[in-house]
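The first residue of the sequence shown is numbered 1, and numbering continues consecutively from there.
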Amino acid sequence: MSNHQVADLRNVALVGHGAVGKTTLADLMLFKAGVGKRAGSVDDGSSVLDIDEEEKHCKHSVSSGMVHFDHAGKRINVFDTPGYPDFIGQAIGVLQAVETALIVVSASSGVQVNTRRMFNEAGKAGLARAVVINKMDSENIQFEELLDGIQQTFGAQCVPLNLPVGLGHDFSGVVSTLSVPSEVPAGTMMDPTEINQQVMDAIVEADEALMERFLEGEKLAPEEISAGLSKAIAAGTLIPVFCVSAKNDIGVSELMDGLAASALPPTAITRTALNAEGEEVPLTVSADGPFVALVFKTRIDPFVSKMSYLKIYSGSLHKDTSVHSANLDKSLKIGHLLDVQGGQQEAVDSAAAGDIVVVVKMDDLHVGDTLNDGKSGLSMPPIKFPTPMIELAAEPKSRSDQQKISGALQKVDEEDQTFLLRRDSQTKELVIQGMSELHLQIVLERLLVRDKVEVVTHQPKIPYRETVNGEAEGSYRHKKQSGGSGQFGEVHCRVSPCPHDIDPEEYFNKTRFLNMREYHYDPDLNYAFVDRISGGSIPNQFIPAVEKGIRERMERGVLAGYQVQDVVVELFFGKDHPVDSNETAFKMAGSLCFRNLFQEAKPSLLEPIVHVEITIPDENLGDITSDLNGRRGRVEGMDTAPGGYQVIIAHAPLSEMMTYARTLSSMTSGQGSFTMELSHYDMVPPNEQAKIIAAAKKGDDEDE
């Protein structure tokens, strides 16, 4: 790493909506700091930060990238993050590694949906925030209206540290409002002296001693103002606003000076860890402290293999040493340490508190994992990523891709915490989940380009469940004779509903279940098998086979081929044959007895109900609630969110929400977002149930 002390480190993230010029800005800062012979370009694919083929093809970032440079005696690590909400997971991971978030806004577009979200995410992470208005060379800009919109959305703390000289094609420079020049250039937007008063008010608000002197008319020394500036930014009383044009290199040098002077060092942010008892304790950012580091990003590089990005919060890390994984509770050997510059890596010997470093080929490490010294027992809180809402069932297009698809998807699962991969145990489908259709489309393109795997997708099946609403009692005799030893097994069972929220130890007793010997309860399915056999009517060695036959039939379903839940099966009598009885016979008898009784016990279908939280602009409230009602949704409550937004809390059937992301985006012009998670299962309305059963393709039963 660099030889800078921790006080001279600046870790900064460029965040905001898509197409506002974050990557171009980072490329230009890197070039102006003397790295490279020319500034990289997104348009011609030469950006230092767009290193994946998908990014070069799409001409926008789909993953976070890191560059670093020295400026004004400071080591500045800059992260470029994707701007579209589809790839927000990359930005959220990066926010754990920096102390300052630069919210980049397009002068022509103003505050957009992901601008608001990233501003709030940076606030949740406890970071300092600044606003960078890029593309000041765009036409038809009303600067005062633009600034007013920023202040209305993010607060009056947003105060310009410089003002533009001219707008559009006349934008030629910026004027400082912190050190107002004696002669203000013609064409300067707004009065810098007036803005200087707002800046000073914000600075002294964070320091009572300075405020007292300032109000008494005492002139503050430049070094006091400089120190007060950082303190005000850390306290949030000042959110500085910078004006730039990255395309024409105007205001970028002043922005770099501002980062060196006012972006926060690692020591300015209070981080907390969890001790061995799960209690929160503050971390001191010092190379001499106990070693604590967090994996905040994973990248699968075709040449270097798996790369794990670490933010070191405390202590030091050296190559070829062992550390302790708090998540795995075991020791791991660290080999090489790498300093990353875009797609390039350079080996380093060590890294210390405040640094960001990469370790390679550590298959046991995953995003969110904590590494420590094995003595302190400290671990970092888990990173909270948004839940992906869009699902597709995926399968390889050709047989040759069958062996490769799982490994290829696992790579994406490692890199992207808002991409989930699961095998649905009920539908047997491989299901991929992402933030949007675009997100999943980019994932599939990555599989094709990087892993040469072609995947076809379709809407996944809804994981309905089956249950009973009544009781049934009966028997089944399985008898088969085909020469030699045959098969014989007879079982007598009772099937009934299993109530929810029971205490199994209290519910399953000999008063309620006569002659009960034992029971087996599955809390996931709310299912119980009760053994009430008396007098040895079924030998003990065959009872597990009866239970196994019932479980297998439950997995296959009876009505429409879906998993059965919420039932109690009592086995209370049976018969065996001294020669022909065996486990296979009793397994078959149990399966078919359950099937027959299930059909007699008022069977019905259950559908998954999801808990939904929908964030929308105020003006869309009526349309969204009306649409929810049409989806059989039930609004449970509402809440007010900052920036003119409402949060609707509701329950709705999953089947009605499968394509909701597209509808919500259309109804809110892309400004709405939602999360959903499984809440419970509920009865399918009779008319819907008939359609589902009619459409179900049941497999052939061995007894038919």
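Remark: E279 engages N275 in a side-chain hydrogen bond (donor to acceptor under 3.5 Å, both in side chains) (not counting sequence neighbours). With sequence neighbours excluded, no residue satisfies salt bridge (charged side-chain N to carboxylate O under 4.0 Å, His left out) with K297. Residues that satisfy the side chain to side chain contact (heavy atoms under 4.5 Å, CB included) test with S400, not counting sequence neighbours, are S398. Partners of H611 by ring pair (Phe, Tyr, Trp, His ring centres under 6.0 Å), not counting sequence neighbours, listed by chain and number: H651. Partners of K411 by side chain to side chain contact (heavy atoms under 4.5 Å, CB included), not counting sequence neighbours, listed by chain and number: I300, R450, D451. For V105, the side chain to side chain contact (heavy atoms under 4.5 Å, CB included) criterion is met by T115, V131, not counting sequence neighbours. The salt bridge (charged side-chain N to carboxylate O under 4.0 Å, His left out) test applied to E395 returns no partner, not counting sequence neighbours. By the side-chain hydrogen bond (donor to acceptor under 3.5 Å, both in side chains) test, Q344 is found to be paired with no residue, residues two or more places apart in sequence or in another chain being considered. Under the side-chain hydrogen bond (donor to acceptor under 3.5 Å, both in side chains) criterion, S376 pairs with D373, sequence neighbours left out. For D8, there are no side-chain hydrogen bond (donor to acceptor under 3.5 Å, both in side chains) partners, not counting sequence neighbours. The salt bridge (charged side-chain N to carboxylate O under 4.0 Å, His left out) search around R662 returns E437, not counting sequence neighbours.
Here the side chains of V15 and V104 are not in contact, with every heavy-atom distance at 4.5 Å or above.
For the pair R299 and Y309, the cation-pi criterion (under 6.0 Å, within 45° of the ring axis) is not fulfilled.
Residue pairs meeting the side chain to side chain donor-acceptor pair (under 3.5 Å) criterion with at least one partner in residues 280-289, sequence neighbours excluded, do not occur; the list is empty.
Taking 4.0 Å as the cut-off between side-chain N and carboxylate O, R446 and E415 count as a salt-bridged pair.
Nearest heavy atom pair, residue A101 against residue L127, reads CB-CD1, 4.4 Å.
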